[in-house]
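If you're wondering where the values come from, they're calculated on a predicted model, not measured in any experiment. Chain identifiers are assigned alphabetically (A, B, ...) following the order of the sequence lines, protein sequences preceding nucleic acid strands; residue numbering begins at 1 within each chain.
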Amino acid sequence: MTQTFLNAVFLENAVLEAEVTKLGCNIPAARKTGTTICGVVFKDGLVLGADTRATEGMIVADKNCSKIHYISPNIYCCGAGTAADTEMTTQIISSNLELHSLSTSRMPRVATANRMLKQMLFRYQGHIGAALVLGGVDCNGPHLYSIYPHGSTDKLPYVTMGSGSLAAMAVFEDRYKQDMEEEDAKRLVRDAIAAGIFNDLGSGSNIDLCVITKGRVDYLRPHDMANKKGVRCVYEQEALPHQTGNYKYKQGTTGVLTKSVIKLDLEVVEETVQTMDTS
Amino acid sequence: IMFTTQVYGDNGKMKEYHYTGPVEHRFSPYSFNGGTVLAVAGEDFAIVASDTRLSEGYSIHSRDSPKCYKLTNTTVIGCSGFHGDCLTLTKIIDARLKMYKHSNNKSMTSGAIAAMLSTILYGRRFFPYYVYNIIGGLDEEGKGAVYSFDPVGSYQRDTYKAGGSASAMLQPLLDNQIGYKNMEGVQHLPLNQEKAVQLVKDVFISAAERDVYTGDALRICIVTKEGIKEETVPLRKD
């Protein structure tokens with residue numbers, strides 16, 4: 001019984017990593033995304049939102065990374081947790097889903113993507129650190145799922161994930177209503193992500209939105225540049241830019257220690273000209 | 001079901017996001033509250049600057065908690081690290097300054113305060129104050145002075161020094177722009193007050209971009225023989 005279970009669970013690398021760490025060897029830390037991601041279902045579809053900060057420990061590694069991943073033309077997925085895990089997992093499922101869609105000659109359904117994602121994550125017993133918010137519109141209407149790294153999923157009208165999920169959920173629990181209009185839903189998601197950006201240290205920078213309705217997807221990146229460098233960001237007021245000092249180096253500031261020039265003796269053998277079509 | 005509660009470990013670093021292994025629960029007397037301080041000494045002025053964000057783990061306690069404390073008319077101290085120890089240490093320094101004034105009938109000079117702080121910190125060698133201190137002020141000749149400390153009292157006089165969470169990001173830039181390190185054929189102009197203040201603002205704006213613990217606002221204290229002037233500049237709030 002145990003033997004067949006182990007065969008079905010592809011854990012060799014994970015077991016090796018655990019053993020090696022016990023011996024004191026340090027595996028390089030994977031980059032996490034800190035993150036605030038969320039999704040909300042409204043009257044005609046759904047809105048997904050995400051911040052754009054990627055952290056390595058407590059240092060910002062990427063100030064403008066994209067956390068809303070493409071799964072299929074009608075399905076998008078936000079990812080929190082280990083950056084590589086969310087990126088690769090969504091790409092694998094996106095690829096398999098496209099093949100599945102061609103094979104069935106039908107538009108892919110969100111439940112299918114959900115099933116594929118949860119079965120893969122469960123197979124890896126939580127070692128793939130991907131916490132996802134999956135949303136899309138298919139023949140049965142709009143659907144929103146939250147998927148946890150160990151493989152459990154919840155189908156809900158509004159979800160949040162990531163280190164800023166509490167801040168975002170506080171906004172949702174206050175203002176969510178059933179059957180909202182698109183503009184209200186966009187404003188709600190924008191405010192939820194903004195709550196995560198300003199109150200959670202793991203989230204920051206800009207707000208990306210993805211509005212999915214039947215037959216239309218609006219990928220708004222960035223939807224809101226909440227924090228520009230050097231701009232005095234007073235909420236809702238006209239921002240005054242700070243005049244940065246001039247730090248340009250004059251030519252020759254970097255000392256040249258040695259210089260060696262190697263002449264390459266080349267002779268022109270053939271010369272052809274191909275005009276570029278600039279029309 | 002959603003999230004682990006004790007997300008940050010003893011040393012202030014985030015624990016692994018979905019850690020499920022055995023955990024040894026121990027009470028830690030310390031906590032890391034973030035923050036960055038910086039001090040620059042000029043010919044006849046000194047600048048002590050700090051951000052005003054107080055954080056813990058992934059949360060913000062306060063957006064308006066400056067880390068510069070005025071000690072005398074000619075000295076300002078910047079303290080970052082564990083906020084509890086910062087408050088206690090500054091209270092102890094204030095008390096000692098009063099005692100000195102009452103017994104010696106004069107205010108303590110910057111150098112004297114620095115030497116005293118070193119002994120106060122070493123007195124707690126085996127249960128340290130988790131504080132990174134930088135003193136900025138004018139010396140007896142009226143020239144700018146900066147003294148930087150480690151948590152157990154080792155100190156030295158500097159021209160410029162950065163301390164706290166983003167110190168590793170600020171210090172190299174100051175080495176280049178104030179110390180003219182790694183530059184050739186550049187005229188070593190003495191630092192004037194306007195350029196120094198501009199540099200401090202730019203350097204903190206850059207630190208706020210990349211360090212999550214630095215942000216919200218920047219408090220600059222400029223110490224001259226006329227007194228201490230304070231300036232506040234907004235920073236990123238995310």
Side-chain angles (χ1 to χ4, degrees), chain A residues 18 29 32 34 51 53 55 57-61 63 80-82 126-127 129 131 146 148-150 152 154 160-167 169 194 196-206 226-235 242-245 247 249-256, chain B residues 1-4 7-8 12-14 16-21 32 34 53 55-60 63 165-166 168-169 173 176-177 180 182-187 194-218 233-238:
Chain A
K32 295 216 159 89
D51 73 305
R53 172 183 283 184
T55 50
M58 290 318 252
I59 295 178
V60 178
K63 293 188 272 190
T82 311
H127 288 283
S146 62
Y148 295 86
H150 284 265
S152 65
D154 292 310
T160 64
M161 296 286 252
S163 59
S165 60
L166 277 81
M169 187 51 93
I197 284 175
F198 290 112
N199 300 108
D200 174 45
L201 296 178
S203 316
S205 295
N206 314 320
N227 297 279
K228 282 208 191 68
K229 178 175 180 175
V231 173
R232 295 153 167 217
C233 191
V234 183
Y235 192 82
H242 163 86
Q243 277 285 56
T244 319
Y247 298 102
Y249 283 173
K250 269 205 301 287
Q251 273 252 345
T253 304
T254 305
V256 178
Chain B
I1 31 155
M2 262 178 88
F3 27 74
T4 54
V7 190
Y8 44 92
K13 287 208 177 78
M14 279 290 297
E16 207 196 294
Y17 211 63
H18 293 282
Y19 182 68
T20 48
F32 183 63
R53 173 177 284 176
S55 39
E56 189 165 348
Y58 272 150
S59 311
I60 299 177
R63 294 197 198 269
S165 60
M169 293 185 203
L173 191 49
N176 179 261
Q177 292 294 316
Y180 296 105
N182 299 109
M183 291 212 284
E184 277 191 34
V186 185
Q187 206 187 3
E194 287 79 35
K195 269 199 73 204
V197 173
Q198 173 73 337
L199 180 65
V200 165
K201 287 180 187 168
D202 290 335
V203 128
F204 263 92
I205 287 171
S206 298
E209 293 281 307
R210 292 287 174 174
D211 179 34
V212 305
Y213 290 124
T214 305
D216 291 329
L218 164 65
V233 173
L235 292 174
R236 282 177 82 112
K237 291 176 169 40
D238 63 356

### Task
Please assess A/I59 against B/M169 for the test side chain to side chain contact (heavy atoms under 4.5 Å, CB included), listing each intermediate value before the final yes or no.
CA-CA 10 Å; A/I59 295 178; B/M169 293 185 203; 4.1 Å; yes

### Query
Can you find a pair of side-chain heavy atoms, one from A/L201 and one from B/R53, that are under 4.5 Å apart?
yes

### Task
Tell me, yes or no, whether the heavy-atom count around B/K195 atom NZ, taken from other residues, nucleotides or ligands under 6.0 Å, exceeds 12.
no

### Task
Indicate yes or no: at least one non-hydrogen side-chain atom of A/Y247 is less than 4.5 angstrom from one of B/L199.
yes

#### Entry: Region of B/N176 in contact with chain A, defined by heavy-atom distances below 4.5 Å
side chain

### Message
Main chain of A/F198, side chain of B/D238: is a donor-acceptor contact present, judged purely on distance under 3.5 Å?
### Response
no

### Query
Between B/V212 and A/R53, is any pair of side-chain heavy atoms under 4.5 Å apart?
yes

### Message
Can you see whether A/N199 engages B/Y58 through a side-chain donor-acceptor pair at a distance of less than 3.5 angstrom?
### Response
no

### Interchain contact, B/D211 with chain A, by part (heavy-atom threshold 4.5 Å)
both

### Query
Heavy-atom distance under 4.5 Å between the side chains of B/E184 and A/T253, does that happen here?
no

### Message
For A/V60, is there any backbone N or O sitting under 3.5 Å from a side-chain donor or acceptor partner on B/R210?
### Response
yes

### Query
Would you say A/I197 and B/K237 make side-chain contact, with heavy atoms under 4.5 Å?
no

### Task
Side chain from CB out, backbone as N, CA, C, O: work out which of these in A/S205 comes under 4.5 Å of a heavy atom of chain B, or both, or neither.
both

### Message
Rounded to the nearest 0.5 Å, what separates atom OG in B/S59 from atom CG in A/L166?
### Response
8.5 Å

